[in-house]
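What you see is a predicted model; the values in this text were computed from it and never measured. Atoms considered below: every heavy atom in the structure, side chains included; atoms not considered: hydrogens, waters and symmetry mates. Throughout, protein chains are lettered first and strands after them, A, B, ... in sequence-line order, and every chain is numbered starting at 1.
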There are 2 protein chains.
Amino acid sequence: MKGYLWAPSAATQSHSASGGWESMAIDAVGNVIEFWGFKRNQGRVWALLYLRDEAMTAADIEKELELSKGGVSMLIRDLERWGVVLRVRLHGDSSWHYRAETDLMQMARRVIEEREFTFIARIRADLAEARKLAEQDPATPKPKIERIRKMESVAEATETALTIFLKTSRFDVGAMFERFRG
Amino acid sequence: MKGYLWAPSAATQSHSASGGWESMAIDAVGNVIEFWGFKRNQGRVWALLYLRDEAMTAADIEKELELSKGGVSMLIRDLERWGVVLRVRLHGDSSWHYRAETDLMQMARRVIEEREFTFIARIRADLAEARKLAEQDPATPKPKIERIRKMESVAEATETALTIFLKTSRFDVGAMFERFRG
DNA sequence: CATATAGTTCAAGCCGTTTTGAACTGCATG
DNA sequence: CATGCAGTTCAAAACGGCTTGAACTATATG
């Protein structure tokens, strides 16, 4: 959620990728994924592998996406850890090849789930703690405590939004309805 | 959506604000708001004014939050522009005083609405354009076009999620149901 | 085992964003 | 109209995250 300044759309063309449209699509995925709080290039690597639908070497990726050796290594490590890229050994070749595995959305959901929820939970805890302390001090005026409570509700709303957000990314619409039924 | 590394919770204590709990609450708000893609200190300034529930001068804010003169000026300008902080002239005093106005959520929704939607719309347009070009080239294999389409659906899902997310922040649950009814 | 090539690590550099602080503007007051 | 204080502006500094590339490790091959 930080992307709000933008280079002209058609600007990033011609790289080394086949058609201009291929890198256009790849960059687009990079942008969505960055929006979700991941690195742009993680999205680009995944998109390249997914689009090509073939096992590529790190050297290939490095060349196509104009990234550094070390960078590719780290990006792939992340993607592997998240299970969206698979490392395969190809018949006679001595080097590793990489292949896009699952849908990106799945991994985005999983990672955001563990990452952002702890984050929001921490904020909520801090606010709860602050309110507890405020309540303990008899000098604190009642309305002030009420305002802290209001602030807590902002954090709660954020958490709710995030929950729904993740549920949606799972396309599990049913579960979302349940939330408002109980 | 980029906050995932964190300093110890109890660390930021004791500033100059009255109780430790006050700055704890203020920082918490700063963190939520940063999560939504705004500046941490925009959230902190708003939170201070909201918690105190009184009109404060820029100098007060500067002191309480340990910010620079210039910084406070710019932060307040932003908050004013968004309509969450109001500038008032107090009886005999020659300087301006500032007061928290609306609920933060409202402004977050408004700003995100205009900012993030254009962002996602642009990504979708790029992907659509890429697919169009791919389709025009007869050499492009059908499955590849299908994969671009799949990528488009990721962007679409993101947009949907964002919509629901904003609707939720408006607590307009009814409208959200409509979305899946039509 | 020597050599070559693939892959990893991490300190240093780069780059975009935020903050600072000094110069400046505007305004009220004596 | 000189003085002082509130508020603004903006270039430079600080900060933080990402990427680079050189040194290093691991692995395959003759």
Side-chain angles (χ1 to χ4, degrees), chain A residues 1-7 11-12 15 27 30-31 33-45 55-81 85-99 115 119, chain B residues 1-7 12 15 27 30-31 33-46 55-81 85-99 115 119:
Chain A
M1 293 260 183
K2 62 169 179 179
Y4 35 97
L5 43 95
W6 284 95
T12 3
H15 280 294
D27 287 355
N31 291 337
I33 218 61
E34 183 175 42
F35 171 90
W36 293 78
F38 300 87
K39 292 184 196 165
R40 208 180 112 79
N41 283 330
Q42 288 167 348
R44 296 214 307 143
V45 169
M56 299 173 72
T57 65
D60 294 337
I61 297 169
E62 196 182 321
K63 187 159 52 61
E64 295 289 353
L65 263 29
E66 299 183 337
L67 298 169
S68 68
K69 198 162 125 87
V72 170
S73 171
M74 289 188 302
L75 292 168
I76 285 176
R77 181 150 51 73
D78 295 336
L79 295 170
E80 267 188 297
R81 188 154 37 80
V85 156
L86 203 66
R87 176 184 299 233
V88 295
R89 183 70 81 178
L90 234 51
H91 65 287
D93 204 323
S94 73
S95 54
W96 289 105
H97 290 239
Y98 306 93
R99 164 179 285 287
R115 180 211 275 163
F119 170 83
Chain B
M1 293 258 183
K2 63 170 179 180
Y4 34 98
L5 43 96
W6 286 96
T12 2
H15 280 296
D27 288 355
N31 291 337
I33 219 60
E34 183 175 42
F35 171 91
W36 292 78
F38 299 87
K39 292 187 196 166
R40 208 180 113 78
N41 283 331
Q42 289 167 347
R44 297 214 308 143
V45 169
W46 180 87
M56 299 176 70
T57 66
D60 294 336
I61 297 170
E62 194 182 323
K63 187 159 52 62
E64 294 290 351
L65 263 29
E66 298 183 338
L67 298 170
S68 68
K69 199 162 125 85
V72 170
S73 171
M74 289 188 303
L75 292 168
I76 285 178
R77 181 150 51 72
D78 296 336
L79 295 170
E80 268 187 297
R81 187 154 38 79
V85 156
L86 202 66
R87 176 185 299 234
V88 295
R89 182 72 79 175
L90 232 51
H91 63 289
D93 204 324
S94 72
S95 55
W96 289 105
H97 290 239
Y98 306 93
R99 163 180 287 287
R115 182 211 277 161
F119 170 84

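Between A:Y98 and A:I61, the shortest heavy-atom contact is CD1-CD1, 4.5 Å.
In this structure, A:L90 atom CG and D:dT27 atom C1' are separated by 17 Å, rounded to whole Å. Between the CZ atom of A:R81 and the P atom of C:dG7 there is a distance of 18 Å, given to the nearest Å. One atom, CD of B:E62, and another, P of D:dC5, lie 15 Å apart when rounded to the nearest Å. Note: CZ (A:R89) to C1' (C:dG7) measures 11 Å, nearest angstrom. The distance between atom CG of A:L75 and atom C1' of C:dT8, rounded to the nearest whole Å, is 13 Å. Atom P of nucleotide D:dG16 and atom CD of B:E34 are separated by 11 Å, given to the nearest angstrom. Atoms CZ (A:F38) and P (D:dG17) sit 16 Å apart, rounded to a whole Å. One atom, CZ of A:R44, and another, P of D:dT19, lie 9 Å apart when rounded to the nearest Å.
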Atom pairs, protein N/O to nucleotides 20-24 of chain D N/O, distance under 3.5 Å:
residue	atom	partner	partner atom	Å
D:dT20	OP2	A:S68	N	3.1
D:dT20	OP2	A:S68	OG	3.1

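How far CG of B:L75 is from CG of B:L67: 6.5 Å, rounded to the nearest 0.5 Å. To the nearest 0.5 angstrom, B:F38 atom CZ is 4.5 Å from B:R115 atom CZ.
Side-chain N/O atoms of A:R40 include none lying less than 4.0 angstrom from OP1 or OP2 on D:dT19. Between A:Y98 and C:dA6 there is no side-chain polar atom (N or O) within less than 4.0 angstrom of OP1 or OP2. Here A:R87 reaches the OP1 or OP2 of C:dT8: one of its side-chain N or O atoms lies under 4.0 Å away. For the OP1/OP2 pair of D:dT9 and a distance below 4.0 Å, the side-chain nitrogens and oxygens of B:R77 include at least one atom meeting the criterion.
Checking side-chain atoms of B:R87 against main-chain N and O of B:E80 turns up no donor-acceptor pair under 3.5 Å. A:R99 places no side-chain N or O within donor-acceptor distance of the main-chain N or O of A:V88, the cut-off being under 3.5 Å.
Comparing B:K39 and B:S94 by the nucleotide of DNA chain C that holds the closest heavy atom to each, the one mapping nearer the 5' end is B:K39.
Evaluation of the salt bridge (charged side-chain N to carboxylate O under 4.0 Å, His left out) rule for B:D78 yields B:R81 as partners, not counting sequence neighbours. With sequence neighbours left out, B:S94 forms a side chain to side chain contact (heavy atoms under 4.5 Å, CB included) with no residue at all. Residues satisfying the side chain to side chain contact (heavy atoms under 4.5 Å, CB included) test with A:T57, not counting sequence neighbours, are A:A59, A:D60, A:S95, A:H97. For A:R77, there are no salt bridge (charged side-chain N to carboxylate O under 4.0 Å, His left out) partners two or more places apart in sequence or in a different chain.
With C:dT19, D:dT9, C:dT9 as the candidates, the nucleotide lying closest to the side chain of A:S73 is C:dT9.
If one axis is set at each end of the helix from C:dC1-D:dG30 to C:dG30-D:dC1 from five pairs, those axes are 10° apart, to 10°.
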